[in-house]
There are 2 protein chains.
Amino acid sequence: MPEERHPDHAPLELEHFLPYRLSILSNAVSQAIADDYQRRFDLSMTEWRVMAVLARFDGLSAREVAERTLMDKVAVSRALAKLVEAGWVTRATHDGDKRRSVLGLSEAGWAVHEIVAPMAREHERNLLSRLDEEERTWLLRILDKLQAIEPK
Amino acid sequence: MPEERHPDHAPLELEHFLPYRLSILSNAVSQAIADDYQRRFDLSMTEWRVMAVLARFDGLSAREVAERTLMDKVAVSRALAKLVEAGWVTRATHDGDKRRSVLGLSEAGWAVHEIVAPMAREHERNLLSRLDEEERTWLLRILDKLQAIEPK
DNA sequence: TGCAATTGGTTTCATATGTAACTATAACGC
DNA sequence: GCGTTATAGTTACATATGAAACCAATTGCA
């Protein structure tokens with residue numbers, strides 16, 4: 001049953017190697033979306049992710065944003081610098097703890113969100129439309145299992 | 001049936017957004033593997049990909065390597081510089097066309113390959129072992145469909 | 001209290017990556 | 001043949017990213 005197709009040390013066929021395939025697919029998908037809002041708002045993927053979590057959770061600190069986006073704090077710090085500068089995110093200092101910042105979307109930030117969120121969803125729909133209902137169900141289930149441990 | 005759970009402009013839930021999930025998973029997987037051979041051979045992911053295709057296709061030109069790895073030619077050029085320097089890849093000039101290089105793994109390069117390829121396969125096996133046979137079959141089928149168009 | 005250890009966040013530096021410009025060679029059209 | 005155009009590959013520059021050092025505020029605890 002193992003078929004013994006390739007001994008373990010045989011040259012890898014990248015196009016059949018799962019991590020490679022995931023990487024290519026993921027990059028293509030994310031890049032296509034990012035290109036879209038990058039052109040319209042000069043917004044990087046990391047910056048958009050920060051805005052997305054602030055849209056859901058108002059008042060987070062930078063560290064909390066980092067947790068929710070799985071970005072490191074340096075990346076978050078930089079994204080915030082640009083977003084605050086652009087006027088899309090507001091930053092105040094926490095009452096009881098002067099180290100912490102209190103972040104949120106500004107009016108202008110919400111306006112951007114209002115446009116970008118549907119764009120992102122549209123891309124996702126497009127992608128999923130290549131699958132039938134059964135495949136979509138399996139995909140979600142498989143992703144759940146694969147992600148169960150990995151994202152350390 | 002559409003359930004109308006979130007209007008199109010509602011805040012995105014990143015953790016349920018397919019492109020985001022793919023990105024997180026893919027990065028976690030690739031990084032885990034890369035860490036492994038990076039530590040042992042100071043070999044970057046792009047460099048390893050170049051070695052992998054040269055293991056399969058001896059004598060390629062740099063452009064052909066770029067095509068097979070989906071990397072751009074600058075990235076390939078840089079990877080090759082390091083690999084040739086390290087003595088893992090040999091570079092000659094094409095007979096009939098002095099622009100073209102003729103690339104291949106050196107003895108030492110094969111020795112590295114002999115170690116890294118099994119490491120990579122081991123990681124892949126590990127990942128796939130979280131799925132049962134049916135899920136694995138669906139996954140491959142789904143990847144085929146999702147990749148059909150995307151990687152422009 | 002008072003000082004060591006921790007935490008939130010930014011800055012610095014070294015490295016990686018992408019785009020455009022550039023060099024050398026080869027192919028094409030006449 | 002000879003100028004134009006295309007191709008293989010490298011270099012230069014500008015930007016992105018990650019790790020470690022850093023600063024300031026807070027916490028833990030003798």
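Below, chains carry the letters A, B, ... as their sequence lines are ordered, and counting in each starts from 1.
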May I ask you to test the [X]-[Y] pair for a side-chain heavy-atom distance under 4.5 Å?
| X | Y | answer |
| --- | --- | --- |
| Arg125(A) | Arg121(A) | yes |
| Trp110(B) | Trp88(B) | no |
| Glu67(A) | Ser61(A) | no |

Can you see which heavy atom on Gln38(A) is nearest to which on Ser44(A), and at what distance?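 Closest approach of Gln38(A) to Ser44(A): NE2-CA, 3.7 Å.
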Minimum heavy-atom separation for Asp97(B) and Thr93(B), please, with both atom names.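 Taking every non-hydrogen atom into account, O-CG2, 4.4 Å.
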Give the B/S/- string for nucleotides 17-27 of chain D, one per nucleotide from 5' to 3', where a protein heavy atom under 4.0 Å of the base yields B, of only the sugar-phosphate yields S, and otherwise -. BBBB---BBS-
Presence of Ser77(B) side-chain N/O under 4.0 Å of dT10(D) phosphate oxygens OP1/OP2: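 True: Ser77(B) side-chain N/O within range (under 4.0 Å) of dT10(D) OP1/OP2.
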Are more than 12 heavy atoms from other residues, nucleotides or ligands located less than 6.0 Å from atom CG of Asp132(B)?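 Yes - once you tally the heavy atoms of other residues, nucleotides and ligands closer than 6.0 Å, there are more than 12.
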Option passing side-chain hydrogen bond (donor to acceptor under 3.5 Å, both in side chains) with Gln147(A) (candidates Arg21(B), Arg130(B), Glu15(B)):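 Output: one option passes, namely Arg21(B).
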Where does the chain A footprint on DNA chain C start and end, counting 5' to 3' with a 4.0 Å heavy-atom cut-off?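 Here the contact window of chain A covers dT7(C) to dT12(C).
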With rounding to the nearest 0.5 angstrom, report the CD1 to CG distance, Ile24(B) to Leu146(A).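 One gets 14.0 Å once the value is rounded to the nearest 0.5 Å.
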Between Asp42(A) (CG) and dT15(D) (C1'), how many Å, whole number?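 Between C1' of dT15(D) and CG of Asp42(A): 12 Å.
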